[in-house]
Protein chains: 2
Amino acid sequence: MTTARPRTRIQARNQETILDAALEVFSAQGFRGATLDQIAEVAGLSKPNLLYYFPSKEAIHTALLTNLLDTWLDPLREMDAAGDPVDEVLAYVRRKLQMSRDFPRESRLFANEILQGAPRMRAAIEGELAELVEDKARILRIWMDQGRIARVHPKHLIFSIWALTQHYADFDMQVRAVLRDEADDAFPAAGEFLETLFRKLLAP
Amino acid sequence: MTTARPRTRIQARNQETILDAALEVFSAQGFRGATLDQIAEVAGLSKPNLLYYFPSKEAIHTALLTNLLDTWLDPLREMDAAGDPVDEVLAYVRRKLQMSRDFPRESRLFANEILQGAPRMRAAIEGELAELVEDKARILRIWMDQGRIARVHPKHLIFSIWALTQHYADFDMQVRAVLRDEADDAFPAAGEFLETLFRKLLAP
DNA sequence: CGTTGTGTTGACCGTCCGGTCAATGGACAT
DNA sequence: ATGTCCATTGACCGGACGGTCAACACAACG
């Protein structure tokens with residue numbers, strides 16, 4: 001299902017270079033807006049050379065999305081039923097915000113895909129992602145039943161974490177425009193704000 | 001700056017039809033992903049006929065975005081310094097969520113544009129939008145100084161309202177996939193969740 | 001009826017873009 | 001050097017797409 005793993009050093013290096021260039025271009029222009037020529041230029045390779053390593057534009061995009069989903073869901077996977085509820089949720093928020101700061105291109109690639117109705121990720125969203133959320137929502141519900149965090153709709157709680165953290169990557173341009181001179185402090189201030197918000201929301 | 005206003009009945013009707021079809025297609029496929037043929041088909045007109053009413057694909061897109069910004073900012077404009085702080089903010093949240101429900105295509109069009117770095121809206125974002133936020137942030141700060149709502153970063157508060165409400169339109173596909181059988185109840189439940197969240201956050 | 005101005009469209013053009021291919025380069029083993 | 005296999009690319013192809021144009025439809029008015 002995933003792309004065949006590289007076999008030689010050169011293949012490993014070039015596939016890596018191509019995927020990175022493709023991430024750059026796809027995340028900034030969307031699938032349709034990106035062209036192989038742009039990707040090739042960013043990668044410093046010729047267009048036919050791209051197609052020597054990947055069978056099609058589509059295949060490059062799919063490879064990116066497939067690799068992405070796992071890393072994207074990891075922060076949620078780490079949320080541990082055995083830990084302290086508030087700490088666990090806040091730690092999840094922190095990890096997710098960190099990802100928006102460190103991997104904004106990945107966030108935008110994902111956002112682009114979902115915005116268009118996830119034409120190339122439907123199965124993964126309805127399967128893997130939905131099941132993981134189901135699983136974690138169950139944990140949240142238990143914590144709520146135990147009175148260790150406030151009772152709110154668990155899935156909407158998770159949506160709120162996604163929305164609030166990814167916003168800083170996906171709508172970066174708007175955030176910068178609004179913050180103006182504070183634009184560089186966006187993430188520290190966002191971190192404090194979200195910490196406050198979720199502490200208050202979850203306080204039993 | 002805006003498109004010349006229609007002069008005859010037929011022009012008014014057809015421009016309306018075209019803009020509606022264009023909204024449908026642009027919001028679902030992005031600017032680059034949309035084609036004039038698709039828009040023409042949705043509008044029930046021929047492609048040359050579109051270009052009789054609008055000089056180019058670009059012009060249709062620009063007309064949509066220009067019309068959009070005003071309606072998009074209206075809910076925030078209504079936030080009144082003279083009203084009760086908590087009520088005002090909550091009413092804004094409610095209006096914004098309502099817009100996500102009633103105008104998801106507009107929300108996605110906007111999201112697409114910002115995601116790509118707002119190539120065709122930069123000026124409006126950095127100008128009109130940023131200034132409006134500056135203005136309302138000042139009001140929020142006064143309310144905080146008066147101890148009528150909790151002290152949080154006012155601009156991040158506004159970001160949080162945008163992020164949380166628009167999420168339900170922009171990431172609709174994901175929301176539906178996660179909620180599964182509750183998918184149709186999304187907005188009522190979201191409304192309750194957001195009400196709780198902002199009440200707790202703002203409580204002084 | 002002819003004239004004029006608004007609408008409408010089939011056919012076409014030039015460009016862009018994803019993808020192919022044949023030819024060449026280059027590393028390495030024998 | 002010779003053959004072999006991986007890597008690279010200039011040139012090209014076919015289809016899609018934004019946009020043009022000339023011709024036509026149709027109503028309003030004299």
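Salt bridge annotation for A/Asp172-A/Arg105: absent, with no cationic side-chain nitrogen under 4.0 angstrom from a carboxylate oxygen. In summary, A/Asp170 and A/Arg108 do not engage in a salt bridge, as defined by a charged side-chain N under 4.0 Å from a carboxylate O. Salt bridge annotation for B/Arg9-B/Glu16: absent, with no cationic side-chain nitrogen under 4.0 angstrom from a carboxylate oxygen. Comment: A/Lys136 does not engage A/Asp80 in a salt bridge, judged by the lack of any side-chain N to carboxylate O separation of less than 4.0 angstrom.
Atom-to-atom, CZ of A/Phe54 to P of C/dG18 comes out at 16 Å; the value is rounded to the nearest Å. Between B/Tyr52 atom OH and D/dC21 atom C1' there is a gap of 15 Å when expressed in whole angstrom units. One interatomic measurement links the two molecules: CD of A/Gln15 to P of D/dT8, which rounds to 11 Å at whole-angstrom precision. The interatomic distance linking B/Asn49 (CG) with D/dA25 (C1') rounds to 12 Å, in whole Å. Rounded to whole Å, atom P of D/dG18 lies 10 Å from atom CD1 of B/Ile60. A straight line from CG of B/Leu50 to C1' of D/dC21 spans 16 Å, rounded to a whole angstrom. Taking atom CD1 of A/Ile18 as the reference point, atom P of D/dA7 lies 11 Å away to the nearest angstrom. Atom CD of B/Glu41 and atom P of C/dT8 are 18 Å apart (whole Å).
Among D/dT9, D/dA7, C/dG7, the nucleotide with an atom closest to any side-chain atom of B/Ile10 is C/dG7. For A/Tyr53, taking side-chain heavy atoms from C-beta onward, the closest of the listed nucleotides C/dG19, D/dA7, C/dG7 is D/dA7. Checking C/dG19, C/dG10, D/dT9 against the side-chain heavy atoms of A/Lys57 singles out C/dG19 as nearest.
The residue A/Leu51 sits close to a base: some heavy atom pair falls under 4.0 Å.
The phosphate of C/dT8 (OP1 or OP2) has a side-chain N or O of B/Asn14 nearer than 4.0 angstrom. Remark: B/Gln11 is not in phosphate contact with C/dT6, judged by side-chain N or O atoms under 4.0 Å from OP1 or OP2.
Ring pair A/His167/A/Phe171 is parallel by interplanar angle, where below 30° counts as parallel and above 60° as perpendicular. The aromatic rings of A/Phe110 and A/Trp72 sit tilted, their planes meeting at an angle between 30° and 60°.
For A/Lys47 against C/dG19, a side-chain N or O and a base N or O form a donor-acceptor pair under 3.5 Å.
Heavy-atom distances under 4.0 Å link DNA chain C to A/Ala34, A/Thr35, A/Leu36 of residues 24-37 of chain A, given in residue order.
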Evaluation steps, ring-ring contact (aromatic ring centres under 6.0 Å, His included), between B/Phe31 and B/His61: CA-CA 8 Å; B/Phe31 179 77; B/His61 193 250; 4.8 Å; yes

